[in-house]
Asker: 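My questions will all concern the structure given below.
Note that the structure is a prediction, hence the values are computed from the model and not measured. Each chain gets a letter, A, B and so on, in the order the sequences are listed, and its residues count up from 1. Hydrogens, waters and symmetry mates are skipped; everything else that's a heavy atom, side chains included, is used.
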Amino acid sequence: MNTELAGVIATFLLTVVLAIPLGKYIAKVFSGEKTLLDFLAPVERFIFRICGIDVNKQMTWKQHLLALLAINMLWFVYAFVMLLTQGSLFLNPDGNPSMSPDLSFNTAISFLVNCNLQHYSGETGLTYLTQLGVITFLQFVSAATGIAALVVVFNTMREQSKDGLGNFFDIFLKSLTRILIPISIVIATLLVISGTPSSFDGKDIVRTLEGETVQVSRGPAAGMIAIKHLGTNGGGWFGVNSAHPLENPNYFTNVVEMISQVLLPIALIFAMGYYIKRKKLAYVIFGVMTFGMLMFLIPTMIAETNGNPAIAKMGIDQSLGSMEGKEVRFGSQASAYWSIVTTVISTGSVNSMHDSSMPVSNTMQLLGMMTNAFYGGCGVGILNYYIFMIIAVFISGLMVGRTPEFLGRKIEAREMKIATIIALLHPFLILVGTAFSSYVFTKDTSVGWLNNPGYHGYSEMLYEYTSAAANNGSGMEGLGDNNWFWNISTGFVLILGRFLPIIGPVAIAGILANKKIIPESAGTLRTDTGIFGVMTYAVIMILAALAFFPALVLGPLSEYFTLYN
Amino acid sequence: MSSKENKSLFQKDLIVEALKQAFIKLHPKTMIKNPVMFTVEIGTFVMLIVCASVMFNNDGTQGSLVYNLFVFAVLFLTLLFANFAEAIAEARGKAQAESLRKTREETPAKLIAPVGELYVNEVQMISSSQLKKGDVFLCETGDIIPTDGEIIEGLATIDESAITGESAPVIRESGGDKSSVTGGTKVLSDKIKVRVTSEPGESFLDKMIALVEGASRQKTPNEIALTILLAGFTLVFIIVCVTLKPFADYAKAPITIAALISLFVCLIPTTIGGLLSAIGIAGMDRALRANVITKSGKAVETAGDIDVLLLDKTGTITIGNRKATKFYPATGISEEQLIEVSILSAISDETPEGKSIVELGEQRFSDKEEKFKSPKWIKDLKGNLKEQSETFHVFRFTAETRCSGIDIGDNKRIRKGATDSIRKIVETAGNSFPRELEMVVKQISSAGGTPLVVCENEKAIGVIELQDIIKPGIKERFDRLRKMGVKTVMVTGDNPLTAKYIAEKAGVDDYIAEAKPEDKMNYIKKEQQSGKLVAMMGDGTNDAPALAQADVGVAMNSGTQAAKEAGNMVDLDNDPTKLIEIVEIGKQLLITRGTLTTFSIANDVAKYFAIVPALFITSIPALQGLNIMNLKSPESAVLSAVIFNAIIIPILIPLALRGVEYKPIGASALLRRNLLIYGLGGVIVPFIGIKLIDMLVGLFF
């Protein structure tokens, strides 16, 4: 086994090892048990007193959603206005300009929905004020929103769900104070030690070995880079994201950043097991998600390690794997691993350029976002998986001859309607968006947003909408996307791709919670078995992945077959 | 109704009728009820237009006319196959209903008009169809009973074979739980007056006929939810296919309309879409073949979900009635004394238990002294009683007192009954209940017998042992139910010890001992409160509230009208274990839908690999690598896929009509099995099927 592969395996195992105790801790936080950070309780009480919020007031699922949407709406207006006027505000040492309205629209939404599609470059597109006050702020609260929505669903799955679904603001604030902020501090410290800047000074001027002077952008980046991964946000401080030497200085920070982005999605699965006291269910979900991730990771690793035959033909050595668009300090395998975790999880940060990935890798990255449920984003990943479980429960319930029930509650027409709509939404947004842009481009190639014609250009457009709909945020950056067409079209895809998949599962869970619990019998289909895991995996692959088969054929698969023919 | 015969699935006359219906059902108004097949119809229509345009103006972009006509023909066949599936299920239901309806043909009825033309209570001959609810008619030996009703006067033996297939005549009499008669059955002896209980056309049978014919069939909740899911799948593939056009334009890979529509039709779940309503109708039909009349499709589906099943002990778990097997006299009382008193107490008791006590008594005496050998002694006893008819008074058994007996003159009061009720009588009078009898009672009970304590003048003098005989094979049936996840509960008037013994011996999970009528109701309510679905069978009027409360209430056809009204199914065979079959029919119904949905969706994998490369292979030759089935040409690939998609429907019709077999092996094991057969099978079968068809079609295209 080579060292590169060993590094990847060690990184993944370390993630799981850390995620288990973290999951236990998260479960304790939300069930109100004693934890190490209880000394923060007075701070939280103080915040609630200022805001005039009564945290003991139990909310219905509708009230939860209302609170979630209202608070998000507020943040959107705030972020939009800030980005539009940043040029004339303080904390702008580099004198960067304000954003155009369509770009502010896109950026505000993109960070609000935990996607972090960046149609700008951080060095020149933002000021320190907006980097911190808008971008970093939204990275924290959007992650907390996802966790809060998930905890509401967990509450409905608890046996004593009649006790109420909790208070949205309570869950939301605890996600911040007890989980996101403390862990971010740890990660940021590790990054700062390794050389990531954390300073309010403007550009540094450096004299290179050749005697030239270069301006090096910097700023209070470490904290933002920590939450960018922990909250599965993915938007970088610098334009090239974690491929940038200051954002991700060395192999150690690379490991830290890879672990921190996968940490919460996995920990939340275990948290569910402890919280609703169904550990076996959590293990099955973890197993299916890990299997799903590996099914994307393994072909990618193989493709990247084997190198690019087209470049090999030019006489360039490919023994290190395909290194185009990759950083030498990480190597092809760690980059391949990153490119898959960042797409199966909705982080979207990159440490290599996906535009230069091998066609097989592009296919797998796209599939990671198309399924969007193998770990998935912070909180929302499990919500997506929940929808697939509902559909799997329904079909397999019929297959065993019993009205389908999930954790003792009957799945009926109303829940199926919601689940179907949400499952439909993802292919709808991606395919219709890509069809629209393909149509516009075919009509008038002078729009000029494609630098690569042919299959690869198509893949870039497909990738952009997939990334937007999955709230991922990465891109095949060959696409010229900072123009009104892409800013606005992806903006709408982002909103729909974020909020409907949150509303859907919470609504289903809320409706189910009001139903009578049917005690289990020998005829009841258990959802915490391996066979049900297989069923769920099949549903995800056939429903989510197969719908994209023709699109993938015209993009990366055509590229693949042409390359290897 | 010759339901027990094994009819072949396809009879010639049914096929002809179904074929005709398959065309009639093409009407868009009918098709739109099935969203999946409706989209296929639209696709077929578009292909018709494409064919026409190719015929008149072939610029070569849409492929040859023959190819387009072929695609059109196959799509059209797909529609016909789907319609045929539904039509054949309906035709079978109709045929089944027809044989039922024969029993309801016009028969003459002897209406008793309260105020007739000439006299009061005049008997008028009218046609059965003119009978209204509330009318009273007369039936005499040899008459066919014109319609459903309840006997208000008289007793008759009735041949119900027309309905149940059971040739042994049954006795029906007014008052009590066997007062109901069914139209179409024949009176073999005696004379009864019957009150009509339903308006013409609204009897259970009429309702059931409408159900199996598909006319009044409403979609069940599960079916609605499944239709939503299938509509969702269809929508996804509409999106996939519509967006493919701009994608292909971008890739400069023109695609023909025929290929695009073929891809769409192959991807949407036509297999389950085409068979869905056939499965539903076939489920009703299977229930009817099991001689069960259901009031709605929903009831059958609910039966598949049942968690708890309430069964009466007598007649269900045990054969008929208990019999007296032994007398146990108390200390100081001779057996003869006890027997004499017992016979006295039982002599006017017409219940089977009572008769068996007299029988046993006679037998015991004949074994003993000469004096008792002649049956004359008993006759004398009866004679004496008759003579003293003014001086004795009989107490019948009621569920409340749970004892019966007789008072002779002023100084002989005899009671026999359940231990605790006799003990109450004894102890209320200030006497003590003998210890040794207590022991005997326990001993009998724990051996599964029923002790009947006899007391004379408030003094317990002995115990009669009654024994039950458990039906052979019943334990296996309960085991099967347990594996299905259904808990069985035995309801009995016996004391807890006896009940426990029989419950264990018969293999039921729980029992309600010393049950009063309201106990059933309370038990059902209790189980329902904890979220369970409860089924019960009943026949008596006092069962009616519980039948109504139960999620599935099966009334015996021989039961009272009230019981039949309250339940949601009627069992024509009066077979209490019929519920097991009903539960299986309900489960089969869901399983058939679920497995065929899985199969249908799993088929898509192969179809994608057949059609998608074919769509683009001319423009992107490298995609030959995706043609893993190595299909001959794009045309033959597309045709093979649609042909496979079409013929799989008729191939699966027998499965849809018969239903996928249910095996009580536990939910997870069942899922594993069905996922392997219909999921994995659904992935593999079309690869083989399409390849085989391609080898044939490839000869021409």
Side-chain angles (χ1 to χ4, degrees), chain A residues 391 394-404 408 411-413 415-417 419-421 423-424 427-428 431-432 434-436 438-439 441-442 454-455 458 516-519 521-526 529 531-532 534-535 538 542-543 546-551 553-554 557-558 561-562 564-565, chain B residues 221-222 224-226 228-229 231-232 235-237 239-240 242-244 246-251 301 304-305 307 482-487 530-532 586-588 590-591 593-595 597-598 601-602 604-605 608 612-613 616 620 622-623 625-626 662 666-668 670-672 674-675 678-679:
Chain A
I391 295 175
F394 182 76
I395 298 178
S396 43
L398 290 185
M399 276 211 280
V400 301
R402 204 176 151 93
T403 297
I411 310 274
E412 286 162 305
E415 296 81 69
M416 276 319 287
K417 209 180 278 172
T420 308
I421 290 172
L424 251 173
F428 174 82
L431 292 176
V432 171
T434 315
F436 188 43
S438 301
Y439 174 77
F441 186 83
T442 318
Y455 316 131
Y458 173 80
K516 226 190 253 170
I517 293 188
I518 306 153
S521 76
T524 310
L525 180 75
R526 299 179 61 97
T529 57
I531 189 71
F532 184 75
V534 172
M535 182 72 196
I542 288 188
L543 204 67
L546 263 196
F548 299 104
F549 185 70
V553 164
L554 285 176
L557 289 179
S558 281
F561 284 110
T562 313
Y564 287 92
N565 215 341
Chain B
N222 279 321
I224 293 172
L226 182 59
I228 291 170
L229 184 69
L235 260 172
V236 170
F237 294 121
I239 297 167
V240 168
V242 169
T243 55
L244 205 52
F247 293 172
D249 287 348
Y250 169 89
E301 236 178 49
D305 290 344
D307 301 293
R482 191 170 307 107
K483 282 182 195 146
M484 291 179 194
V486 181
K487 177 177 146 191
S530 68
K532 291 180 183 163
K587 285 194 180 290
Q588 251 192 339
L590 295 188
I591 293 177
R593 280 194 204 123
T595 49
T597 303
T598 309
I601 302 295
D604 279 1
V605 178
Y608 264 121
V612 171
F616 304 116
I620 311 169
L623 285 182
L626 262 186
Y662 170 72
S668 287
L670 194 59
L671 178 62
R672 193 176 310 124
N674 285 339
L675 205 54
Y678 297 93

Asker: What are the two closest non-hydrogen atoms of Y250(B) and S438(A), and how far apart are they?
Answerer: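 In this case the closest contact between Y250(B) and S438(A) is CB-CB, 4.1 Å.
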Asker: Taking the side chain as every heavy atom from C-beta outward, state whether L229(B) and I395(A) have any pair of such atoms under 4.5 Å apart.
Answerer: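 SC-SC contact between L229(B) and I395(A) confirmed.
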Asker: If you define the side chain from C-beta out and look only at heavy atoms, does anything of R402(A) sit under 4.5 Å from D307(B)?
Answerer: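 In contact.
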Asker: With a 4.5 Å cut-off on side-chain heavy atoms, are V534(A) and L675(B) touching?
Answerer: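 Side chain of L675(B) against side chain of V534(A), heavy atoms only: contact under 4.5 Å found.
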Asker: Out of L431(A), I518(A), T420(A), return the one with the most heavy atom pairs under 4.5 angstrom to chain B.
Answerer: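 Heavy-atom pair counts peak at L431(A).
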Asker: Among P221(B), G666(B), S530(B), which residue forms the greatest number of heavy-atom pairs with chain A at distances under 4.5 Å?
Answerer: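 When all of P221(B), G666(B), S530(B) are compared, S530(B) has the most.
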Asker: Please look at V612(B) and chain A and tell me whether the side chain, the backbone, both or neither of the residue comes under 4.5 angstrom of a heavy atom of that chain.
Answerer: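 Side chain only.
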Asker: Determine whether L398(A) and I591(B) make a side-chain contact, defined as any pair of heavy atoms from C-beta on separated by less than 4.5 Å.
Answerer: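 With C-beta onward as the side chain, the pair stays apart.
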Asker: Is chain B contacted by the side chain of S396(A), its backbone, both, or neither, given a heavy-atom distance below 4.5 Å?
Answerer: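 It is both, since atoms from each part get that close.
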Asker: Between the side chains of T403(A) and N222(B), is a donor N or O closer than 3.5 angstrom to an acceptor N or O?
Answerer: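 A donor-acceptor contact under 3.5 Å links the two side chains.
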Asker: With a 4.5 Å cut-off on heavy-atom pairs, point out which of G408(A), S558(A), P427(A), A538(A) contacts chain B the most.
Answerer: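 Counting heavy-atom pairs under 4.5 Å, the top option is S558(A).
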Asker: What heavy-atom pair brings Y662(B) and V400(A) nearest, and what distance separates the two atoms?
Answerer: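 Looks like CE1-O, 4.2 Å.
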Asker: When rounded to the nearest 0.5 angstrom, what is the spacing between CZ in F394(A) and CG in L226(B)?
Answerer: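 The distance works out to 5.0 Å.
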Asker: Would you mind telling me which of A231(B), A225(B), S668(B) has the largest number of heavy-atom pairs within less than 4.5 Å of chain A?
Answerer: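 The residue among A231(B), A225(B), S668(B) with the greatest pair count is A225(B).
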Asker: For each of T595(B), L671(B), I224(B), L670(B), tally heavy-atom pairs with chain A at distances under 4.5 Å, and name the one with the top tally.
Answerer: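 Option with the greatest count: L671(B).
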Asker: Just give me the residue among I601(B), I620(B), N674(B) that pairs up with chain A most often, heavy atom to heavy atom, under 4.5 Å.
Answerer: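 Answer, by heavy-atom pair count under 4.5 Å with chain A: I620(B).
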Asker: So what's closer than 4.5 Å to chain A heavy atoms on Y608(B): side chain, backbone, both or neither?
Answerer: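 When you check distances to chain A, atoms from both the backbone and side chain of Y608(B) fall under 4.5 Å.
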Asker: Shorter than 4.5 Å, heavy atoms on both sides: which option in I421(A), L525(A), I542(A), T529(A) has the most such pairs with chain B?
Answerer: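 Top count of heavy-atom pairs under 4.5 Å with chain B: L525(A).
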Asker: Looking only at heavy atoms, what is the nearest atom pair of A547(A) and V240(B), with distance?
Answerer: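 Shortest heavy-atom contact: O-CG2, 3.2 Å.
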Asker: With a 4.5 angstrom heavy-atom cut-off, which part of F441(A) approaches chain B: side chain, backbone, both or neither?
Answerer: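 The answer is the side chain of F441(A).
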Asker: So what's closer than 4.5 Å to chain B heavy atoms on L554(A): side chain, backbone, both or neither?
Answerer: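 For L554(A), the contact with chain B is made by the side chain alone.
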Asker: For the pair F247(B) and Y458(A), name the ring-plane relationship: parallel under 30°, tilted 30 to 60°, perpendicular over 60°.
Answerer: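 Taking Y458(A) first and then F247(B), their aromatic rings stand perpendicular (interplane angle over 60°).
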Asker: So which residue, D604(B), T598(B), V486(B), ends up with the most heavy-atom pairs under 4.5 Å with chain A?
Answerer: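 Among D604(B), T598(B), V486(B), the one with the most close pairs to chain A is T598(B).
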Asker: Does any backbone or side-chain atom of V605(B) lie under 4.5 Å from a heavy atom of chain A? Answer side chain, backbone, both or neither.
Answerer: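 Contact with chain A is through both the backbone and side chain of V605(B).
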Asker: Which bit of K483(B) comes within less than 4.5 Å of chain A, counting heavy atoms only: side chain, backbone, both or neither?
Answerer: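 Only the backbone of K483(B) comes within 4.5 Å of chain A.
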Asker: Check this for me: Y439(A), atom OH, are more than 12 non-hydrogen atoms of other residues, nucleotides or ligands nearer than 6.0 Å?
Answerer: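 Open: at most 12 neighbouring heavy atoms sit under 6.0 Å from OH of Y439(A).
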Asker: Tell me the closest heavy-atom pair linking K417(A) and I228(B), and the distance in Å.
Answerer: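 Nearest pair, atom of K417(A) first, then I228(B): CA-CG2, 3.7 Å.
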